[in-house]
Amino acid sequence: MIVYDHKKIERRWREQWARARLYQPRIATPRVGSAAVSGEIATPRGKPSNNSLRRGKPYYNLMMFPYPSAEGLHVGNMYAFTGSDVWGRYMRMRGFDVFEPIGLDGFGIHSENYAIKVGQHPALQAKKSQENFYRQLGAIGNGFAWENRLETYNPEYYRWTQWIFVQLFKAGLAYRQEAPVNWCPSCKTVLADEQVLQKEVQKVQKVQEVQEVRKEILRLSGGSRTTRSAQDDNADLKSVSASSSEEGKEDTNVQRMQKETVGVCERCETPVEIRKLKQWFFRITQYADRLLENLAKIDWDEKVKAAQRNWIGKKAGIVIKYQIANSKNESDYIECFTTRPDTNFGATFIVIAPEHPLLQKILRYAQDDKQKKQIQDYLAKSLKKTAQERQQEGTKKTGVFTGFYAVNQVNNESLPIWISDFVLMGVGTGAVVGVPGHDKRDFEFAQAVRLPVKRVVVGPDGDRSEITKISQVQEEAGTMVNSGFLDGMEIQKAITAMMDYLEKKRWGERTFTYHLRDWLISRQRYWGPPIPMIYCKECASKGLSWFTSDEASQIQANSKHQALNSKQNLNSNAQKSKDLGFRIWDLEFPASMAGWWPVAEEDLPVKLPYVEDYQPRGEGKAPLEKAGKEFLEVKCPGCGARARRETDVSDTFLDSAWYFLRYPSIGGDKGNKGDKGDEGKELPWQPEVTRRWLPVDMYIGGAEHSVLHLLYSRFLWMALYDMGYFDFSASNGARLPDGQGPALGWEEPFTKFRAHGLIIKDGAKMSKSKGNVVTPDEYIEKFGADTLRMYLMFLGPLRQGGDFRDTGIAGMYRFLEKVWRMYTEPSEYSEDSEDLKVRRSEDQKVGGSDSPNLRLSGSLSNPSFPRLKYIGIKTTPELKRKLNWAVKRATDGMEHLKYNTAIAAVMELTNKWRQTRNEVQEVQKVQEVQKGNQISDIINHKSYRQSTEGMESMEGIGGKGRTGSPSSASSPSSAGRSSSDHGVLSYEDAGRVLKLLAPFAPHMAEELWQRLQSTKSTRGTRGTRGTRSTKSTESMEGMESIHTQAWPRYEEDALKSEMVTVVVQVNGRVRATIEIKNEKLKMKNSREEVVEEAKRNQKVVPWLEGKEIRKTIWVPGKLINFVVG
RNA sequence: GCCGCGGUGGUGAAAUUGGCAAACACGCAGGUCUCAAAAACCUGUGAGCCUCAUAAGCUCUUGUGGGUUCAACUCCCACCCGCGGCACCA
């Protein structure tokens, strides 16, 4: 017997596949007369093969590329890649020309930090990592299109990353601004909002804070009735403390419970600080609405869509203007955004953020020096605080009165204007109208600084009393009171009524707020693409920039930026654009852009210079500041004066936001070059190729990129689309599975997205600190990639992840060994029966003709024909049915990414196959013994008779096999033909089983498939194309890979057994099962007959005895339920 | 607090349209083979009860409590727990 040598097999096939370019799809549209069209190698040229799937429609199967930052890939990565590859292989077998590219996201902080850690220059480290990662990625046996790989640090790639930056700049979607930004003191760089995580930390409270909390507890427990002074509170506290015997307990309790959340760096978990720096931003907020609305139309995991909705955070509300009371100037007003204008009659104050622009005026006009000093002190204190400190203070409110009042025009009341750092400038308008009666946060502030509380809503509890406790603050539901024209209305109705009223009076304007902020691009780091911008002092002093150039006005004149220029794309973010000094839709000159010029497209890439001292310095200075004159000094593209390059590099997420666009256009006869666009300009992608392959059909990746990568990619795609860089209009909806284009008119880059789950190890999360990171290498070495793939996919649904345990993988190896044996184990019965000898000679006469009889008889003329134990000429009917069942279940499992069920189906099938074979063997043994003289005994043997009956009517899939007896697993009814048939599954069907296995265990499936094919070809049976040698397992020449074969089909009819099991219930409880003939169900009175049979059933009778059957439920072919009383 | 996903044997899990809960595995137990072990193969394996025992049978069981239905892991209502996202968001 041949041993299953996984190492040899896997190495061999990986080489063969590469040589045959099996996984290189036909990237370009086929050209007439072209001999060497990519991906056509495996098919004999000029001879179209109906078995060839290489002409299928394009299918772009994308997996998130890895960042090669650490020691290598672990089994978690392996899990994800395999999951994606299984899908790709399945789609290939479904007839698509599948493109499954791979690359490395090697630029960026991940890789740089790792390089710093191991003390290696990032450029050198990248080479090492690249080698290691590609080796690992090769070892897992995925069907990658290796010729199309890319690395983000390759100048040929980042040339185009920079190109994209330039395009966004020219479209007004990139801008530079001083802004408070998240600063990681450890990574010494700024972070996008998305890169700051909220982390809960345990914090032991200081005594002072404990007292604050205790005060609150006293209030909550009803200790105080009315708003009181701090002195009162203290007095109260003392007396209670003195009388309380449980004081100590309470203290520790408070200490234990205290938890805080801090913003930390996504990579190193260092608490983030806030700094003000001049930075480049991408105007993603301009796309907030489209990014939000399109979510409803794309086929993505709900989880990911929800995360994006949360992140975009659109809320409807109204901006209300409050006039400053003691100012005659009409432009002196405060704008407050609120979602709850219904409570406006309950407003008792206004609070503004310490960064609010109005404060400049307030300080200028403030009369009282003492108050001015107070304000300045407070501002100094709170502006010094980091966001982290502001947040850590939690619900503890502080504030200072400005001395100014605003007018609430709905009731002409004066609202004192306060400053507090709980109000954030970045949220809404940076000013809040305080309704302490119906907002818990406002209530806390009112209590802290002793402002009045007014009730305007009566909640469902009916409480109409004065609001003195936070538990009385009604936020959600109720009826309006003390609110003039709103009285008696439910709050929802009142919101609308008040909005209508305010808009009519022109005191307010309906609008939306968004949580989404513009995308911060600048990084003061080394390992990234230099931002391709040039700053010219000369131009700056004259107020010149690219936006004043001829090119800019040309673009403005015949703008392609349709969507950006159209009114309908404006939203409340227009407000923010205005604040920045320019609007993109009319390309008004932006003041902050003075002196800035993009590097000309033909001068790209701006190569990252080699800098010895690449480590981040902090203080907002980039390592490239040390790059030397050759890099830093450059001629101004505008005036020709000496100018300076930007030294920041761009965010890693920009590298990965467009890589899927690049993949198809790499390689082939184009090499790594771009292509001429419609206007003769070079583009990062070949328009024809892009039309053919994009958008991505299936994207699989981690849920951790729900907002970062996936949102940025969508934004970039939309922006480029709006700029007119993709033209799908004339193309190819036809390439999609159902001949439909995406519902969105190609506005989205990823038609389908699925998030894979995570792999844990023995119940614990894998992490370097725990030292339980599992690398695939050792398992591939020991068990092979096929076993590891199978094991990982069998753990559970792909979206769910699973727990990696060593015992489980050994079990999977056993399974594959079993399968191996079934395809290689020779039959122990070498003697031919008389019957077979006769047929043999007949076959020899027929020779190689295409007689259909050949299939049934099988030519045994070649002495090398391996006679296998488990594979023969015919498939027994019961196995045929099981095969159909398994195909159905496996197909279903594939479609829903529940690979575990697909594998289980194949397992069941092979179990059945072996079991059936064992039963046949029993018969054969009997025959061997009784050979010749006791034939009649054999013929009378029950199972032999049954099986021959079955064989006669069986023909191909969907054949009307019959077992002639109730099918129960233990009876030997499924025994195949006697000794003339050495096996119970036909060669065709054995091939079908391999096909089901092929996506999971691609190497073994290929090996066994080729063995099976060579066997067939030496037998001279049908299915041979071209000449095949018995050496074909050594070479793919002239062979067709199993991976381009059609996925098996199943026939509904073939699933039906002769006998059907009907469950008999009494009052919903199973009491018996009865077997009836399938045919019986088709008869007119089948119901009556089956019900009668059920009633007579021995096991059912006692349950019906003496009871009246009130109702009988009949689910045809499945179940009977007697309802008795 | 809001949004999303989930909760089924000792473990990973399965259950298609509301129709036999626990398929397929892992683990465990027993057996065959063996001087022995490993491997391989076979058998058993949700819990409880009845029974001398066997055969068979009965009851219970899908986070909790209700409901709809002849019938609920599946649908509805309320709640609990876990994971993930957002959050002094106005």
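Proteins come first, then strands; the chains are lettered A, B, ... in the order of their sequence lines, and each starts at number 1. Keep in mind that the numbers below use all heavy atoms, side chains included, and drop hydrogens, waters and symmetry copies. Only a predicted model underlies this, so the values are computations on that prediction, with no experimental measurement involved.
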Which nucleotide in B/A14, B/C86, B/C3 has an atom nearest any side-chain atom of A/A306: B/C3
Exercise: do A/Y378 and A/T398 side chains pair donor with acceptor under 3.5 Å: yes
Return no unless some side-chain N or O of A/N911 is found under 4.0 Å from OP1 or OP2 of B/A25. yes
Watson-Crick or G-U counterpart of B/U59, or none if no pair lies under 3.5 Å: B/A47
Nearest to side-chain heavy atoms of A/R814, which nucleotide of B/G27, B/A14, B/C20: B/G27
From C-beta outward on A/L1119, which listed nucleotide comes closest to its side chain: B/G19, B/U16, B/A40? B/G19
Please give, in whole Å, the distance from B/A21 P to A/K1118 NZ? 14 Å
With a 4.0 Å cut-off on heavy atoms, is A/N900 in touch with a base, just the backbone sugar-phosphate, or nothing at all? sugar-phosphate
Would you mind telling me which of B/G12, B/A90, B/C20 lies closest to the side-chain atoms of A/T338? B/A90
Distance only, no hydrogens: is a donor on one side chain within 3.5 Å (strictly under) of an acceptor on the other, for A/T429 and A/E335? no
Are the aromatic ring centres of A/F422 and A/F445 under 6.0 angstrom apart? yes
Strand partner of B/C5, provided both Watson-Crick or wobble distances fall under 3.5 Å: B/G82
Looking at side-chain heavy atoms only, is the closest gap between A/R309 and A/I312 below 4.5 Å? no
Which nucleotide in B/G4, B/A14, B/C70 has an atom nearest any side-chain atom of A/V1123: B/C70
Where the side chain of A/R914 is defined as all heavy atoms beyond and including C-beta, which of B/C41, B/A90, B/A15 is the nearest nucleotide? B/C41
Heavy atoms under 4.0 Å, any strand shown: does A/K305 hit a base, just sugar-phosphate, or nothing? nothing
Taking N and O atoms by type only, does the side chain of A/R1069 place a donor or acceptor under 3.5 Å from a partner on the base of B/A71? no
What nucleic acid atoms does A/K440 come within less than 4.0 Å of, heavy atoms only: base, sugar-phosphate, or nothing? nothing
Quick note, A/T1061 side chain, CB onward, closest among B/A14, B/C58, B/C20 is B/C20
May I ask you to check if A/K888 and A/W885 form a cation-pi contact, with NZ or CZ under 6.0 angstrom from the six-membered ring centre and within 45° of the axis? no
Among B/A90, B/C70, B/C58, the one nearest any side-chain atom of A/W1103 is B/C58
Side chain of A/R441 only, please: which of B/A13, B/C24, B/C88 is the nearest? B/C88
Side-chain contact check for A/N310: nearest option of B/U16, B/C86, B/C24 is B/C86
